[in-house]
Amino acid sequence: MQNSRYDVVIAGGAAVGSAAAYFLTADSGFKGTVLVVEPDPSYQHCATALSAASIRHQFSTPENIRMSLFGTAFLRQFGSRLAVNGEQPDPAFHEGGYLFLATSQGVDTLRENHITQLAEGAEIALMDAAELASRYPWMNTDNLAAGALGLSGEGWLDAYGMMQGFRKKAIAQGAIYIQDKVTGLKRDGHRIVGVELASGSTVACGTVINAAGTGAATLARAAGIQLPVESRKRSVFYFSSPATLANCPMVIDPSGAYFRPEGQGYIAGIAPTEDNDPPCDDFEVQHELFDDVLWPLLADRVPAFEALRCIRSWAGHYDMNIIDQNVILGLHPDVDNMYFANGFSGHGMQQSPAVGRALAELITHGQYQTLDLNRMGWTRILENRPIIEKNVV
């Protein structure tokens with residue numbers, strides 16, 4: 001660590017923290033210093049590295065759609081914008097699309113969401129059951145009424161590569177990264193004046209960004225703030241199958257199960273039931289979820305999946321906003337210089353470019369300059385006015 005004081009200290013250097021570091025150091029109006037404190041520079045347990053690594057525009061909330069639209073535009077320019085010494089990072093973005101399926105009970109919601117998505121500029125096609133059967137002959141469409149397919153901009157990528165691209169470019173632009181953990185905050189009135197590190201040192205600061213993922217609530221409590229974010233485990237399963245699914249997108253089944261191609265096989269997952277989804281921080285894979293719940297659903301939707309074989313699996317965590325499953329972004333009214341970017345509830349990787357840019361705008365210019373994300377701030381939380389996102393996967 002070069003200094004004992006930094007203008008901005010970012011707690012957490014994964015996708016969101018590194019995106020913020022990049023956009024801050026890229027902004028010509030920002031003249032300060034940036035320190036990123038990351039406890040695990042291998043990122044082996046961070047949510048980004050353990051996610052399903054996908055991006056979609058099919059949300060019901062306009063702000064979520066806008067953030068992901070920006071994410072897509074940024075990914076398309078990723079190599080040129082984040083090149084370091086002539087080397088362009090490749091996030092391996094594959095625009096394979098998302099396909100949200102609906103039964104008769106869910107078709108009205110699908111159509112309502114579709115109207116919102118089109119109004120925001122997303123390219124989404126609405127198909128009836130006959131069109132689904134014609135386009136995807138490998139799919140059982142017996143109980144389906146409709147489906148919504150992303151025609152461009154949605155797909156999957158190398159999330160770890162994307163995160164490293166942000167990190168390396170931020171460092172090239174002057175950001176300092178250290179392996180440590182922010183364990184405490186020194187508060188003076190309405191300001192945070194320093195961060196305390198696990199190594200025992202204290203760093204003075206002008207501004208703090210809480211990008212600590214599942215550790216964000218603990219860090220918020222150090223400032224006397226109750227952040228409604230909990231760690232919720234999600235298991236991902238990679239399997240092989242003799243099935244050849246032509247033009248297979250990321251499929252979101254009405255049951256909540258999802259699957260998509262990955263290499264020579266497929267990945268899939270499903271959230272546990274609410275009564276079996278406690279806050280936790282272990283990385284034990286929920287194998288029974290695959291055997292008892294997910295596999296039967298996959299085989300019902302794609303009959304050829306009955307012969308699948310699970311090859312490997314892993315577990316990561318959502319930083320779940322238990323109020324409304326949307327990001328809490330910006331300043332808390334009780335602290336003048338601590339910015340929050342927490343509670344993504346599974347959307348952090350895909351929203352990280354937009355959120356990183358938003359944080360840089362707030363810190364450098366005092367307001368959002370591009371996307372108006374004021375609704376995603378603390379006011380709705382403190383006033384108990386949740387923004388309900390209907391498409392949480």
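What you are looking at is a predicted structure, and each value in this text was computed from that prediction instead of being measured.
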Search all heavy atoms of A341 against all heavy atoms of V355 and return the closest pair with its distance.
-> CB-CG1, 3.9 Å

Under 3.5 Å donor-acceptor, E389 side chain and T61 backbone | yes

Any link between L35 and V193 through a network of hydrophobic side chains (Ile, Leu, Val, Met, Phe, Trp, Tyr) touching at under 4.5 Å?
-> no

Check whether any side-chain N or O of R260 sits under 3.5 Å from a backbone N or O of A52 as a donor-acceptor pair, and report yes or no.
-> yes

Member of T202, V182, L185, V203 meeting the side-chain contact (heavy atoms from CB on, under 4.5 Å) criterion with E196 | T202

Got a donor-acceptor contact below 3.5 angstrom from the Q325 side chain to the I388 backbone?
-> no

Beyond-backbone contact of M127 with Y136, side-chain heavy atoms, under 4.5 angstrom | yes

Over 60° means perpendicular and under 30° means parallel, so classify the ring planes of H347 and F59, tilted if in between.
-> perpendicular

For the residue pair S68 and Q350, confirm or rule out a side-chain donor-acceptor distance under 3.5 Å.
-> yes

Would you tell me whether Y177 and S18 have side-chain atoms, one donor and one acceptor, within less than 3.5 Å of each other?
-> yes

Nearest 0.5 Å please: distance from the CG atom of N384 over to the CD1 atom of I323.
-> 6.5 Å

Distance under 6.0 Å and angle within 45° of ring axis: R312 vs Y238 = yes

Answer yes or no: is there a donor N or O on one side and an acceptor on the other, between the side chain of E123 and the main chain of S152, under 3.5 Å?
-> no

Does the Q173 side chain pair with the main chain of Y22, one donor and one acceptor, at a distance under 3.5 Å?
-> yes

So which pairs with a foot in residues 209-228 pass salt bridge (charged side-chain N to carboxylate O under 4.0 Å, His left out), sequence neighbours left out?
-> none

What do you reckon, is NZ of K169 surrounded by more than 12 foreign heavy atoms closer than 6.0 Å?
-> yes

With a 4.5 Å limit on heavy-atom distance, are the side chains of L99 and L132 in contact?
-> yes

Does Y43 use its side chain to pair, donor to acceptor, with the backbone of G13 at less than 3.5 Å?
-> yes

Does a donor on one side chain sit under 3.5 Å from an acceptor on the other, for Q351 and N64?
-> yes

Are Q58 and E154 close enough that some pair of their side-chain heavy atoms sits under 4.5 Å apart?
-> yes

Does the ring center of F237 lie less than 6.0 Å from the ring center of Y266?
-> no

For residues N326 and E63, determine if any side-chain heavy atom of one lies less than 4.5 Å from a side-chain heavy atom of the other.
-> no

Are there more than 12 heavy atoms of other residues, nucleotides or ligands under 6.0 Å from atom CD of E87?
-> no

D277 to R232 - nearest heavy-atom pair and separation = O-NH1, 3.2 Å

Under the side chain to side chain contact (heavy atoms under 4.5 Å, CB included) test, which residues partner S80, sequence neighbours left out?
-> Q77, Q88

When hydrophobic residues are tied together by side-chain contacts of less than 4.5 Å, even through go-betweens, does L331 share a cluster with L382?
-> no

Hey, could you give me the CG/CG distance between L289 and N276, rounded to the nearest 0.5 Å?
-> 8.0 Å

What residues, two or more places apart in sequence or in another chain, satisfy ring-ring contact (aromatic ring centres under 6.0 Å, His included) together with W378?
-> H332, F340

Can a donor-acceptor pair be found between the side chains of Q367 and E361 at a distance below 3.5 Å?
-> no

Checking ring pair (Phe, Tyr, Trp, His ring centres under 6.0 Å) for the pair F305/F239: CA distance, chi angles, key distance, verdict?
-> CA-CA 10 Å; F305 278 168; F239 62 90; 5.0 Å; yes

Is atom CG of D334 surrounded by more than 12 heavy atoms (other residues, nucleotides or ligands) closer than 6.0 Å?
-> yes

Say you draw a straight line from CZ of R375 to CZ of R385; how long is it, rounded to the nearest 0.5 Å?
-> 9.0 Å

I252 versus L101: any side-chain heavy-atom pair under 4.5 Å?
-> no

Do other residues, nucleotides or ligands put more than 12 heavy atoms under 6.0 Å from the CD atom of E306?
-> no

Around atom CG of D281, are there more than 12 heavy atoms of other residues, nucleotides or ligands at under 6.0 Å?
-> no

Give a yes-or-no answer on whether the side chains of Q105 and T103 include a donor-acceptor pair shorter than 3.5 Å.
-> yes

Can a donor-acceptor pair be found between the side chains of R301 and N143 at a distance below 3.5 Å?
-> yes

Side-chain contact test, heavy atoms from C-beta onward, threshold under 4.5 Å: evaluate it for P254 versus L144 and give yes or no.
-> yes

Given the rule that I, L, V, M, F, W and Y join up when any side-chain heavy atoms are under 4.5 Å apart, are Y339 and V208 in one cluster?
-> no

Does F23 have any ring-ring contact (aromatic ring centres under 6.0 Å, His included) partners at least two apart in sequence or in another chain, and if so, which?
-> F74

Quick one: salt bridge (charged side-chain N to carboxylate O under 4.0 Å, His left out) pairs with a partner in residues 27-48, sequence neighbours left out?
-> none

Any donor-acceptor N or O pair under 3.5 Å, side chains T370, R357 = yes

Nearest heavy-atom contact between S235 and A315 is OG-CB, 4.0 Å

Could you state whether I115 and L126 fall into the same hydrophobic cluster, counting links through intermediate Ile, Leu, Val, Met, Phe, Trp or Tyr residues with side-chain heavy atoms under 4.5 angstrom apart?
-> no

How are the rings of H94 and W156 set to each other: parallel, tilted or perpendicular (split at 30° and 60°)?
-> tilted

F93 with F166, same ILVMFWY side-chain cluster at under 4.5 Å | yes

What do you reckon, is NZ of K233 surrounded by more than 12 foreign heavy atoms closer than 6.0 Å?
-> yes

Residues two or more places apart in sequence or in another chain: which of them pass ring-ring contact (aromatic ring centres under 6.0 Å, His included) with W314?
-> none

Taking the side chain from S345 and the backbone from G343, do they hold a donor-acceptor pair closer than 3.5 Å?
-> yes

